[in-house]
Amino acid sequence: MSDKGSGVPYVYVTVIRITNGGTAYCLTPAKKWKKWTTSDQYLKYCALDGVKLKPSKGKWSLKLPAGLTKGYIGVDAWTWDWADNYTPKYREAALTKS
């Protein structure tokens, strides 16, 4: 017997990438890279909604579209469980290969 109320229904993810030249892109909910220059653009294009993912057995994954180059990538993931508890996580990494 298992607890049907455990776990999370969805995970939302915002991915940003910044090239070595300083150009910033974010991954839209439609999973397309969108260039942004102001925080208002970032919020409008990517951060408020994020990419919606359905976890399976407590794990989730996201395949990123082409376009990653040397620079920096950041992943901001957040979710609410069935009891409405909010959990955010943020990870970043340097990209050293194209």
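In this text, all values refer to a predicted model and were calculated from it rather than measured experimentally.
Pairs passing the ring-ring contact (aromatic ring centres under 6.0 Å, His included) check and including a residue from residues 42-65, sequence neighbours excluded, read Trp36-Tyr42.
Between Gly7 and Asp81, the closest heavy-atom pair is O-CB, 3.4 Å. Across every non-hydrogen atom of Tyr90 and Ile16, the tightest pair is OH-CD1, 4.4 Å. Shown here for Val8 and Pro55, the closest heavy-atom pair between the two residues is CG2-CG, 3.6 Å. Residues Pro9 and Trp80 come closest through the heavy atom pair CD-O, 3.4 Å. For Pro29 against Asp49, the heavy-atom pair with the smallest separation is CG-CB, 3.8 Å.
Linking ILVMFWY side-chain heavy atoms closer than 4.5 Å, directly or via other members, places Val15 and Trp78 in two distinct hydrophobic clusters. In terms of hydrophobic clustering, with Ile, Leu, Val, Met, Phe, Trp and Tyr side chains grouped at heavy-atom distances under 4.5 Å, Leu64 and Val11 are assigned to a common cluster. Tyr72 and Tyr25 fall into different hydrophobic clusters, where Ile, Leu, Val, Met, Phe, Trp and Tyr are joined by side-chain heavy atoms under 4.5 Å apart, directly or via other members.
One distance of note links CG of Leu27 with OG1 of Thr14; it measures 8.5 Å at 0.5 Å rounding. Taking CZ from Arg91 and CG from Asp76, the interatomic distance works out to 10.5 Å, rounded to the nearest 0.5 Å. Distance check, rounded to the nearest 0.5 Å: CD of Gln41 to SG of Cys26 gives 9.0 Å. Rounding to the nearest 0.5 angstrom, the gap separating the OG1 atom in Thr23 from the CD1 atom in Ile18 is 9.5 Å. Atom OG1 of Thr28 is separated from atom NZ of Lys34 by 8.5 Å, given to the nearest 0.5 angstrom. Note that NZ of Lys44 and OG1 of Thr38 are 9.5 Å apart. Values are rounded to the nearest 0.5 Å.
Under the 3.5 Å distance criterion, the side-chain polar atoms of Arg17 are matched with a main-chain donor or acceptor of Gly67. Trp33 contributes a side-chain N or O that, together with a main-chain N or O of Ala66, makes up a donor-acceptor pair within less than 3.5 Å.
Residues passing the side-chain contact (heavy atoms from CB on, under 4.5 Å) test with Tyr10 are Tyr12, Lys52, Lys54, sequence neighbours excluded.
Counting only heavy atoms from C-beta outward, the side chains of Leu68 and Ile73 approach each other to under 4.5 Å.
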Task: Audit row: Leu95, Thr69, side chain to side chain contact (heavy atoms under 4.5 Å, CB included) steps and yes/no - done: CA-CA 7 Å; Leu95 299 175; Thr69 58; over 6 Å; no

